[in-house]
Amino acid sequence: MFSRKGFGFILMILTLSMLLAACGSSDDEGSGDTNGSDGGDGDSENSEAYTVATDNNFVPFEFLNEDTGEMEGFDMDLIRAIADEAGFEVNIESMKFDGVVTGMQSSRYDIGIAGMTITDERAETIDFSDPYYDAGLILAVQADEEEIQSEDDLAGKVVATRSGTTSETYLSENHPDAEVETFPGIVEAYMDLQAGRVDAVMYDVPNVQYYVNNDAKGELKTVGEVLQGEQYGIAFPKGSELVEDVNEALATLKENGTYDDIYEEWFGERPTES
Ligand code: ARG
């Protein structure tokens, strides 16, 4: 079809355009990677930088890698992938969970991601993305605990959880006869349980399971069923224009397998179709 010369010419054009494309995309990657502290707005082709509020310790969704100084976890990978897909940059700021909730209400941050359950009450003051993770609550006790087999055995027991979470609400609404102790960080609650200072901890299934299988292997176990199905959503100040873009990007990542890859990395298996 082509003469030798013509073919060579086409090859040359192809090579040139590939080279050009490579330059373009390495630029993109360079800016997409800045998830650290610098603002980085302005220069690179209209990609805005948004502040993302997250919790400082909620394995395996967000936690500090002490070697690198970077926040890691399922939520972190997900929000970075969403930002890449939607074409914006993120600056991650970690804080206490309550700070993420109030930071949305006061519009202090643009986005919040912290394993935050979508509730009607929160939805009055916060906007949520479409759900991105199915969770629920569960009880943890010491490995040799026999009296507490399920939530039916909580009367008169000391149950610890983290303040400002759905577990605190669940306990106060469903277990008025249990003595509820709330902690600013859940790890303190787990450690008190390991030390026998409290009888049980109630918290989000994925976090309890992760802690029980890793940090407290052999010392703690879960009991009873998953209580109250919950769904996590990405949070925004009320009226945020980002909700739609984030939902679109999330849908794309679910379709193209990126969401499943991230899920598998942190939970060891691909999500089951729901
Ligand atoms: N899902 C629960 C809630 O929204 C607990 C979330 C805790 N998240 C965290 N990053 N510590 O209330």
Side-chain angles (χ1 to χ4, degrees), residues 51-65 70-80 90 92-105 108-109 111-140 151 159-175 180-193 200-212 214-216 222 225-238 262-263 266-267:
T51 335
V52 175
T54 190
D55 182 62
N56 49 23
N57 196 356
F58 185 58
V59 288
F61 293 88
E62 50 258 355
F63 56 93
L64 181 70
N65 177 329
E70 291 256 345
M71 289 299 294
E72 288 184 359
F74 178 81
D75 282 349
M76 300 296 94
D77 285 351
L78 184 64
I79 198 67
R80 285 175 181 136
V90 290
I92 310 272
E93 275 193 43
S94 59
M95 61 202 68
K96 292 209 171 102
F97 180 70
D98 322 50
V100 184
V101 180
T102 54
M104 293 299 109
Q105 291 159 340
R108 176 148 185 209
Y109 309 101
I111 302 174
I113 186 164
M116 193 186 295
T117 303
I118 303 171
T119 67
D120 292 344
E121 200 193 331
R122 286 178 183 154
E124 285 172 14
T125 54
I126 290 175
D127 276 352
F128 282 103
S129 69
D130 295 331
Y132 70 86
Y133 185 90
D134 291 331
L137 308 178
I138 201 159
L139 281 171
E151 67 168 333
V159 187
T161 191
R162 182 172 188 158
S163 49
T165 62
T166 47
S167 293
E168 185 184 4
T169 316
Y170 184 89
L171 282 165
S172 70
E173 283 174 358
N174 299 285
H175 294 285
V180 179
E181 263 191 46
T182 57
F183 292 81
I186 196 65
V187 177
E188 297 150 47
Y190 290 135
M191 280 165 60
D192 268 21
L193 178 59
V201 167
M202 182 181 286
Y203 210 39
D204 296 47
V205 182
N207 180 263
V208 172
Q209 263 165 0
Y210 196 91
Y211 194 85
V212 164
N214 294 283
D215 309 64
T222 57
E225 298 175 352
V226 173
L227 314 163
Q228 172 167 289
E230 300 191 346
Q231 292 186 307
Y232 294 164
I234 300 166
F236 307 85
K238 210 67 194 147
I262 297 174
Y263 190 103
W266 293 103
F267 301 104

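One-based numbering, in listed order, for ligands and for the atoms of each.
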Does the N or O separation between N57 and ligand 1 drop below 3.5 Å for any pair? no

Looking only at distances, please establish whether an N/O atom of ligand 1 is found under 3.5 Å from an N/O atom of F97. no

Ligand 1 to Y232 polar contact by distance, N or O atoms, under 3.5 Å: no

Taking only heavy atoms of D55 into account, list the atoms of ligand 1 that are under 4.0 Å away from them. 9 (C), 10 (N), 11 (N)

Could you identify the single nearest non-hydrogen protein atom to atom 8 (N) of ligand 1 and state the distance to 0.1 Å? A114 O, 2.9 Å

Shortest protein heavy-atom distance from atom 5 (C) of ligand 1, along with the residue and atom involved: D204 OD1, 3.3 Å

Going by the atom numbers of ligand 1, which of them fall below 4.0 Å from some non-hydrogen atom of T117? 1 (N), 2 (C), 3 (C), 4 (O)

Would you say the side-chain atoms of N65 pair up with the backbone N or O of M71, donor to acceptor, closer than 3.5 Å? no

Taking atom CZ of R108 as the centre, does the number of heavy atoms from other residues, nucleotides or ligands within less than 6.0 Å exceed 12? no

Need the ligand 1 atom indices (1-based, order shown) with element for anything under 4.0 Å from a heavy-atom of E62. 10 (N)

Under a 3.5 Å distance rule, please check whether E168 uses its side chain to pair with a backbone N or O of G164 as donor and acceptor. yes

Name the one of E62, E70, E72 that satisfies salt bridge (charged side-chain N to carboxylate O under 4.0 Å, His left out) with R80? E70

Counting only heavy atoms closer than 4.0 Å, does ligand 1 sit against the backbone of T165, its side chain, both, or neither? both

Just checking F61 against F267, ring centres under 6.0 Å apart? yes

Check each of R162, M116, R122 against atom 12 (O) of ligand 1 and report the one with the nearest heavy atom. R122

So, are R162 and D204 salt-bridged, with charged N and O less than 4.0 Å apart? no

Would you call the rings of H175 and Y170 parallel, tilted or perpendicular, taking 30° and 60° as the class edges? tilted

How long is the gap from CG on N57 to NZ on K96, to the nearest 0.5 Å? 12.0 Å

Using modelled atom types and a 3.5 Å cut-off, is there a donor and acceptor pairing between side-chain atoms of D55 and backbone atoms of F97? yes

At the 4.0 Å heavy-atom cut-off, does E168 count as touching ligand 1? no

Need the ligand 1 atom indices (1-based, order shown) with element for anything under 4.0 Å from a heavy-atom of G115. 1 (N), 2 (C), 4 (O), 6 (C)

Is the contact between Y203 and ligand 1 made by the side chain, the backbone, both, or neither, using heavy atoms and a 4.0 Å cut-off? side chain

Looking only at distances, can you tell me whether any N or O atom of G164, backbone or side chain, sits closer than 3.5 Å to an N or O atom of ligand 1? no

